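Worksheet: one structure, shown below.
These numbers were taken from a predicted model, which means no experiment stands behind them.
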Amino acid sequence: VSTTVWDAYREYVDLYFELMDAVQEDLDDGKLEIILLEKKKNAVLSGQREYLEYRRINDPARPMLQRLYGKDWAEELIDGVLFPTL
């Protein structure tokens with residue numbers, strides 16, 4: 001299993017780098033252009049922000065984390081690591 005998983009991982013990473021090289025070549029050749037959208041007009045980013053806010057408020061692990069590690073630590077973990085503000 002470890003050999004099969006490792007081989008699949010390496011194949012995936014190799015493909016990822018090939019794709020990134022192709023994108024960079026297209027950028028360099030002028031075939032591709034990066035268009036930056038304003039944050040409030042980007043539907044994907046807005047959706048991600050809404051999801052993070054919802055999860056931040058409704059995290060089902062909050063009570064367990066607070067009991068185990070204290071309220072301050074749990075809130076810091078939830079707000080800063082698990083569901084950070086974008």
Side-chain angles (χ1 to χ4, degrees):
V1 172
S2 64
T3 302
T4 303
V5 172
W6 178 251
D7 291 344
Y9 171 76
R10 289 192 57 188
E11 186 177 329
Y12 173 82
V13 170
D14 289 344
L15 178 59
Y16 175 80
F17 284 124
E18 285 177 33
L19 289 171
M20 292 303 99
D21 287 340
V23 167
Q24 188 61 55
E25 287 176 20
D26 286 348
L27 283 168
D28 294 343
D29 294 343
K31 297 177 187 174
L32 187 64
E33 180 182 352
I34 295 175
I35 300 172
L36 299 175
L37 300 174
E38 292 181 33
K39 289 183 178 182
K40 62 183 174 183
K41 291 183 181 178
N42 187 329
V44 174
L45 185 57
S46 294
Q48 183 66 25
R49 283 191 178 121
E50 289 174 16
Y51 170 80
L52 289 172
E53 183 64 23
Y54 175 82
R55 296 303 306 174
R56 186 179 303 112
I57 293 168
N58 300 298
D59 185 11
R62 178 177 271 112
M64 176 193 68
L65 292 169
Q66 289 177 345
R67 279 193 311 274
L68 290 171
Y69 303 106
K71 184 177 180 183
D72 291 340
W73 187 91
E75 293 305 316
E76 190 174 318
L77 176 71
I78 290 168
D79 293 342
V81 177
L82 297 177
F83 309 111
T85 302
L86 297 180

Which atom pairs, one a donor and one an acceptor, fall under 3.5 Å between side chains of residues 62-81 and the rest of the protein, sequence neighbours left out?
residue: R62; atom: NE; partner: E75; partner atom: OE2; Å: 2.7
residue: R62; atom: NH1; partner: R56; partner atom: O; Å: 3.1
residue: R62; atom: NH1; partner: I57; partner atom: O; Å: 3.2
residue: R62; atom: NH2; partner: R56; partner atom: O; Å: 2.8
residue: R62; atom: NH2; partner: E75; partner atom: OE1; Å: 3.3
residue: Q66; atom: NE2; partner: E75; partner atom: OE2; Å: 3.0

With a cut-off of 3.5 Å and sequence neighbours excluded, list every side-chain donor-acceptor pair involving residues 13-29.
residue: Q24; atom: NE2; partner: D28; partner atom: OD1; Å: 3.0

Completion exercise
So OH of Y51 and CZ of F83: to nearest 0.5 Å the spacing works out to 5.5 Å
Handout entry: Value rounded to 0.5 Å, distance of OH in Y9 from OH in Y12
Key = 9.0 Å
